[in-house]
Amino acid sequence: PMLIDDLAEVDYSLNSLPAVFQPFIDLDLKGIVYASGNYTVPPYVATPFTIPDQSDSMLYLAFSEYFFQTYSFAYYTAGAFNTTIAEETCSYFNISTEIFGSIIPEVAKYSVTPYPVMLKLMATEVPIISLEQDSFTVEIRGSMEVFAVLPDSTTQSLFTTNIAANTSIALNIFDQKLMGSLCLNR
């Protein structure tokens with residue numbers, strides 16, 4: 001396996017011997033991503049696929065849904081989808097208990113004095129990545145816990161909410177650059 005970063009490694013060894021034909025060579029690479037140092041077999045099944053027959057380019061690369069599923073599983077296992085948005089970032093966007101209090105009456109009752117907040121975001125399930133005709137879809141389920149940062153630097157949990165987001169990402173090559181567009185479906 002080759003190290004991608006501190007959290008993940010990729011195994012791109014050959015599945016079978018290269019198939020050599022008159023106009024091309026077909027390399028069938030494994031493409032499994034693991035959490036660093038954790039070579040647990042992912043809970044997915046790789047399904048065979050074929051690349052449409054085209055001959056107008058020198059190199060074709062194809063990534064299966066299985067590759068992206070193992071990628072998502074590896075990063076989820078490594079805890080990459082858990083993050084804390086600190087008080088400094090929230091104050092930059094002017095997020096405080098006062099803002100949440102105007103939306104959620106219970107927060108307004110609890111926190112009369114406006115305090116800065118800290119947000120803890122966690123994925124509660126492995127994000128699901130699905131390949132579509134011209135894009136791929138990412139579905140993320142998680143939770144967000146909101147804390148008030150008190151004057152003595154301790155935190156007090158205000159509330160926790162579940163989050164489900166579904167986004168589509170389309171990739172295009174424009175002016176010799178790979179460009180992406182992101183659309184929040186729900």
Flag yes if Val10 and Tyr44 sit in one hydrophobic cluster, no otherwise; membership is Ile, Leu, Val, Met, Phe, Trp, Tyr, and two members link when side-chain heavy atoms are under 4.5 Å apart.
yes
Distance-only, no hydrogens or angles: does the Ser36 side chain make a donor-acceptor pair with backbone N or O of Asp6 under 3.5 Å?
yes
Tell me, yes or no, whether the heavy-atom count around Glu98 atom CD, taken from other residues, nucleotides or ligands under 6.0 Å, exceeds 12.
no
Can you get from Phe73 to Leu7 by hopping between Ile, Leu, Val, Met, Phe, Trp and Tyr side chains that sit under 4.5 Å apart?
yes
Sequence neighbours excluded, every pair satisfying ring pair (Phe, Tyr, Trp, His ring centres under 6.0 Å) that has a member inside residues 124-164:
Phe68-Phe136, Phe100-Phe159
For residues 64-78, which residue pairs qualify under side-chain hydrogen bond (donor to acceptor under 3.5 Å, both in side chains), counting only residues two or more places apart or in two chains?
Asp5-Tyr75
Side-chain donor/acceptor of Ser135 to backbone N/O of Glu132, under 3.5 Å:
no
Thr47: partners by side-chain contact (heavy atoms from CB on, under 4.5 Å), with sequence neighbours left out
none
Output for pair (Met144 CE, Ile85 CD1), nearest 0.5 Å, gives 8.5 Å
Tell me which one of Val126, Val33, Ile32 satisfies side-chain contact (heavy atoms from CB on, under 4.5 Å) with Pro42.
Ile32
So, using side-chain contact (heavy atoms from CB on, under 4.5 Å) as the criterion, who are the partners of Glu125 when residues are at least two apart?
Arg141
For Glu9, what residues pass the salt bridge (Lys or Arg N to Asp or Glu O under 4.0 Å) criterion, not counting sequence neighbours?
none
Rounded to the nearest 0.5 Å, what's the gap from OG1 on Thr155 to CG on Leu150? Could you check?
7.5 Å
Glu145 versus Ser157, closest heavy-atom pair with distance:
OE2-OG, 2.7 Å
Can you list everything that forms a side-chain contact (heavy atoms from CB on, under 4.5 Å) with Met122? Sequence neighbours excluded, please.
Asn82, Lys120, Ser143
